[in-house]
Amino acid sequence: MKAIVCGAGIAGLTVAWHLERAGWEVELVEHAPAFREGGYMIDFYGPGLEVAERMGLRPRLEEVRHPVHEIGFLDRDGRQTSRLAVKAGFAGVISLLRGDLARVLAEEVRAPVRYGTTVAAVRQDGGGAEVDLTDGTRHEVDLLIGADGVHSRVRELVFGPEDRFVRYLGHHVAAYVLHDEDLGRRVGTRYRMLTEPGLMAGAYAVRGGGLALLFLSREPGPALPDDPAGFLQQRFGHLGWILPEVLDRCPRPPALYYDQVTQIEAGRWSDGRVVLLGDSCQAVSLFAGHGASLAMAAARALADELGTVALGTGELGTAAPGDLSPALARYAARMRPVAARVQASGRRFLPWMAPSGRLRMATRDLLLRLASLPGADRLFMDAFSPGGHHLVR
């Protein structure tokens, strides 16, 4: 059996790992010109961490994790308004850069990634799919997996234009990493978030003298600015703390990630020999969290249903040629309810990240202080758990 995986992110690399070990011939293509380093900080736990452990990746994840000792909110001048010390209740959370998680996965995938390449056209018949790539090559495959993110090319070609599936959540998001040891020391191993009505800027020091930065702003429409770095300066430049320093050194794309905060709600996840995976069909939005965890859980679920992983044991089997549609339907049925719950949770949580007014900011600070009470950290953790542990068989 042969598959092309379009997208060498977390979902694509995870499904490639499973398919390879089941005897599939896998090709990976990635639109980006090179491996995407850095990115934003994620809290990785739940079903995705269970998948990683079954893949034997936990030791490597521990090597690249970043300790978080405290979470705190600041006012426009950098004064702390609330804080939560990270205690034992968070021991099962691995905080790391998205790029580091992808790197750990990439190290274990045998197939090389063809960068700067995506899918140009797809034709199907009952026995397979013919896939044209943008590098001019043509491939006959048993399955095309669209793991190419929110702006999926595979989804557009097979299921229709992007605007049919996108739910805009009223915000824009940006992220980049600076290398500055002095700033890193000032921020330390604490996740700091400065908030003003409709705005949030977060920072966390990472190894090697780096500083991971994240920005969220409430915006009336999804249209992206022509100059994202200049737009960030306009929206956040009047605030204090470390923002004047870091915004003066804001890079341009692709080192600067800038996008809408959106969710993807796709009515169908498969069509014949084409299936969607990860953010291309179940994006929960960056600020819902758990996107990486659900991506890895979905990759495992897809592999399960294709017959490449013996259920309950993790022992690898072989897939038989034939009609894949029942397996693809079962995969979607397993993942949809969990993805929908996390999306709904994300829509409720997002307004607390960049509150629209000071009353909501004060309420958020009070809740964070309450979470510092004995035993409350575990309840706080459970409240934001993605669930879905039953997904990993």
Side-chain angles (χ1 to χ4, degrees), residues 1-30 44 46-61 101-114 129 139 141-149 154 269-270 273-282 290-322 324-336 338-339 386 388-393:
M1 299 285 279
K2 182 176 182 180
I4 285 182
V5 179
C6 183
I10 290 163
L13 291 167
T14 303
V15 78
W17 185 96
H18 284 91
L19 292 178
E20 287 177 338
R21 282 154 181 79
W24 284 60
E25 181 183 347
V26 180
E27 294 188 57
L28 279 157
V29 297
E30 167 58 49
F44 185 58
L49 184 54
E50 289 186 41
V51 172
E53 288 178 337
R54 296 195 186 196
M55 294 169 69
L57 303 180
R58 182 65 182 256
R60 279 290 291 127
L61 294 180
L101 175 57
R103 174 71 71 188
V104 168
L105 291 165
E107 290 170 354
E108 300 297 323
V109 172
R110 301 165 188 157
V113 179
R114 195 178 306 186
H139 304 260
V141 299
D142 298 288
L143 186 64
L144 170 63
I145 301 174
D148 47 344
V154 172
W269 289 15
S270 64
R273 297 293 180 131
V274 180
V275 64
L276 301 177
L277 177 67
D279 281 353
S280 66
C281 59
Q282 64 176 41
H290 319 307
S293 182
L294 288 185
M296 292 188 68
R300 173 78 183 208
L302 177 58
D304 282 346
E305 298 300 346
L306 287 171
T308 61
V309 179
L311 299 181
T313 66
E315 296 174 359
L316 299 176
T318 57
L324 300 180
S325 56
L328 302 183
R330 290 193 301 270
Y331 144 72
R334 280 173 65 175
M335 288 304 306
R336 275 184 187 281
V338 176
H389 295 270
H390 64 282
L391 295 170
V392 185
R393 297 174 178 171

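The figures here come from the full heavy-atom set of this structure, side chains too, leaving out hydrogens, waters and symmetry mates.
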* Asked: With sequence neighbours excluded, what pairs up with Arg60 under the salt bridge (Lys or Arg N to Asp or Glu O under 4.0 Å) test?
  -> Glu63, Glu107
* With a 4.5 Å limit on heavy-atom distance, are the side chains of Leu19 and Met1 in contact? -> no
* Asked: How close do Ala297 and Val51 get, heavy atom to heavy atom, and via which atoms?
  -> CA-CG2, 4.0 Å
* Asked: Got a second to check how far Leu143's CG is from Trp24's CH2, nearest 0.5 Å?
  -> 5.0 Å
* Once you round to the nearest 0.5 Å, how far does CG of Leu328 lie from CZ of Arg273? -> 8.5 Å
* Asked: Hey, what do you get for CG (Leu302) to CZ (Arg330), rounding to the nearest 0.5 Å?
  -> 11.0 Å
* Which pair of heavy atoms, one from Ser280 and one from Leu277, lies closest together, and at what distance? -> OG-O, 2.9 Å
* List in chain and number order the residues that pass side-chain contact (heavy atoms from CB on, under 4.5 Å) with Pro112, two or more places apart in sequence or in another chain; answer none if no residue qualifies. => none
* Of all the heavy-atom pairs spanning Glu30 and Gly9, show the shortest one and how long it is. => OE1-N, 4.2 Å
* For Ala295 against Ala11, the heavy-atom pair lying closest together -> CB-CB, 3.8 Å
* Do side-chain atoms of Glu20 reach the backbone of Ala111 as a donor and acceptor pair under 3.5 angstrom? -> yes
* Asked: Quick check: does any side chain N or O of Asp148 sit under 3.5 Å from a backbone N or O of Val154, one acting as donor and the other as acceptor?
  -> yes
* Partner set under salt bridge (Lys or Arg N to Asp or Glu O under 4.0 Å) for Arg336, not counting sequence neighbours -> none
* Asked: By side-chain contact (heavy atoms from CB on, under 4.5 Å), which residues pair with Ala292, not counting sequence neighbours?
  -> Ile10, Ile42, Phe44, Leu101
* **Residue pairs, two or more places apart or on separate chains, that pass salt bridge (charged side-chain N to carboxylate O under 4.0 Å, His left out) and touch residues 1-12** => Lys2-Glu27
* Asked: Has the side chain of Thr14 got a donor or acceptor atom that lies under 3.5 Å from a matching backbone atom of Ala299?
  -> no
* To do: Not counting sequence neighbours, which residues clear side chain to side chain donor-acceptor pair (under 3.5 Å) with Glu108? List them please.
  => none
* Kindly indicate whether the side chain of Asp304, heavy atoms from C-beta on, has any atom under 4.5 Å from the side chain of His18. => no
* **Rounded distance [0.5 Å steps], CG in Leu57 versus CG in Leu49** => 10.0 Å
* Structure fact -> Closest non-hydrogen contact found for Ala8 with Val113 is CB-CG1, 3.7 Å
* Asked: Okay, side chain of Gln282, backbone of Leu294: is any donor-acceptor separation there less than 3.5 Å?
  -> yes
* Flag the pair Val26 / Val109 as yes when at least one side-chain heavy-atom distance between them is below 4.5 Å, and no otherwise. => no
* **Glu50 side chain near Arg300 side chain, heavy-atom distance below 4.5 Å** => no
* Decide yes or no for Leu306 and Tyr331: does some side-chain heavy atom of the first lie under 4.5 Å from some side-chain heavy atom of the second? => no
* When rounded to the nearest 0.5 angstrom, what is the spacing between CG in Leu28 and CZ in Arg110? -> 13.0 Å
* Listed by chain and number, what are the salt bridge (Lys or Arg N to Asp or Glu O under 4.0 Å) partners of Glu25, not counting sequence neighbours? -> none
* Side chain of Ser293, backbone of Gly48: donor and acceptor closer than 3.5 Å? -> yes
